[in-house]
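This chain uses plain numbering: 1 for the first residue, then up along the sequence.
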Amino acid sequence: MKITIKQIQSFLAVAESGNFSAASSRMGLAQSAISQAVKDLEDELAVRLFDRTTRRVELTDAGREFRNSASKIMEELQLAVRSVHDLAERRRGKIRVAAPPLLAAAVLPHAIAEFQSRYPGITVELADVGTEMIVESVRSGKADCGLGTFPPAEAGIERIILVRDTLMLFCSGKSALASNETTSWTDLQHHPIITLTRDSGIRLLVEVGFEMAQLPLKPAYEVSQITTAIALVEAGLGVSVLPSYALTAVGTRGGAVGKTLVEPSISRDVVMIHATGRSISPATSAFAAVVRRYAQKLSPAKQ
């Protein structure tokens with residue numbers, strides 16, 4: 001089928017105007033162009049749509065039947081165009097975002113609140129899940145975007161850098177380390193170490209830090225959640241090396257302090273991801289800009 005929108009628009013203009021001259025003025029096209037478009041449409045349909053007289057044109061039975069369907073088609077097309085414009089102008093839509101629990105709690109509530117105050121027609125759905133589930137959700141399309149830190153070789157995702165995050169030492173406020181402005185990795189050798197489990201990207205970085213400091217890593221406790229590690233630190237059961245955004249958990253719980261960790265200083269990017277090969281929507285781009293601003297407040301320099 002080779003029917004064009006121009007042909008349908010020309011046909012409807014003639015049907016509503018009753019003659020080609022009025023249809024020509026209405027569409028801003030030459031009358032010959034309108035006549036040719038209608039003729040091409042009749043040729044494609046293999047029926048006459050109008051009975052032509054010297055003064056006006058009248059719809060045939062086939063023309064009346066086609067007008068009913070064609071009018072609905074144009075209405076639906078106009079609705080589709082308006083919907084796309086609304087999405088492009090961020091007036092409506094939905095964003096599904098996945099993030100690890102603590103990072104989600106630290107960044108997203110205020111970011112979502114600000115975003116939805118700007119774009120009330122766009123809803124944001126949040127899933128606070130583990131890193132592996134974040135990547136899989138984004139790859140499969142269950143989530144439009146994900147937040148977190150991911151291995152550089154992770155396939156199937158594109159990254160938007162939000163902030164540079166640095167590992168810090170977390171210790172009890174009563175610990176001897178609490179009075180230090182900065183702490184080196186070698187200062188940890190006589191303290192019980194609280195780490196995350198080996199399936200955590202943070203744990204891998206901690207192992208790198210101990211290796212570079214030429215220290216053995218013998219965890220006293222291994223836990224799955226950053227908040228649990230902070231709680232153990234607060235109880236005086238040891239020290240922990242965690243990302244700087246864990247300071248948000250300390251701020252609400254009290255009892256632990258975060259210290260700059262050097263020799264070596266280890267950092268990584270907190271990023272927003274989306275699936276490779278899928279274009280990022282205007283709404284998601286706008287959301288990423290808001291999230292980046294709140295993520296940057298997590299930097300220790302801005303605490």
Separation between OG1 of T60 and CZ of F50, rounded to the nearest 0.5 Å: 8.0 Å

Step-by-step side-chain hydrogen bond (donor to acceptor under 3.5 Å, both in side chains) determination, S21 to N19: CA-CA 6 Å; S21 177; N19 62 73; 4.5 Å; no

Pairwise distance CE(M272) to OG(S285) - rounded to 0.5 angstrom: 9.5 Å

Under 3.5 Å donor-acceptor, D165 side chain and S244 backbone: yes

Electrostatic pair R159:E154 at N-O distance under 4.0 angstrom: no

Sequence-distant partners of R293, side-chain hydrogen bond (donor to acceptor under 3.5 Å, both in side chains), two or more places apart: E114

I157: hydrophobic cluster co-members (side-chain, 4.5 Å): V129, M133, I134, V135, V138, F150, I161, V271, I273

Short side-chain to backbone donor-acceptor contact, E42 and L49, under 3.5 Å: yes

Rounded distance [0.5 Å steps], OG1 in T182 versus CG in L177: 11.0 Å

Min side-chain heavy-atom separation F170-L261 under 4.5 Å: no

Side-chain donor or acceptor of K259 paired with backbone N/O of N180 under 3.5 Å: yes

Main-chain N/O of A155 paired to R139 side chain as donor or acceptor, under 3.5 Å: yes

S24 (side chain) donor-acceptor with L29 (main chain) under 3.5 angstrom: yes

Lys/Arg N to Asp/Glu carboxylate O, R203 vs E222, below 4.0 Å: yes

Rounded distance [0.5 Å steps], CZ in R96 versus CG in L126: 13.5 Å

E65 atom CD, neighbour heavy-atom count above 12 within 6.0 Å: no

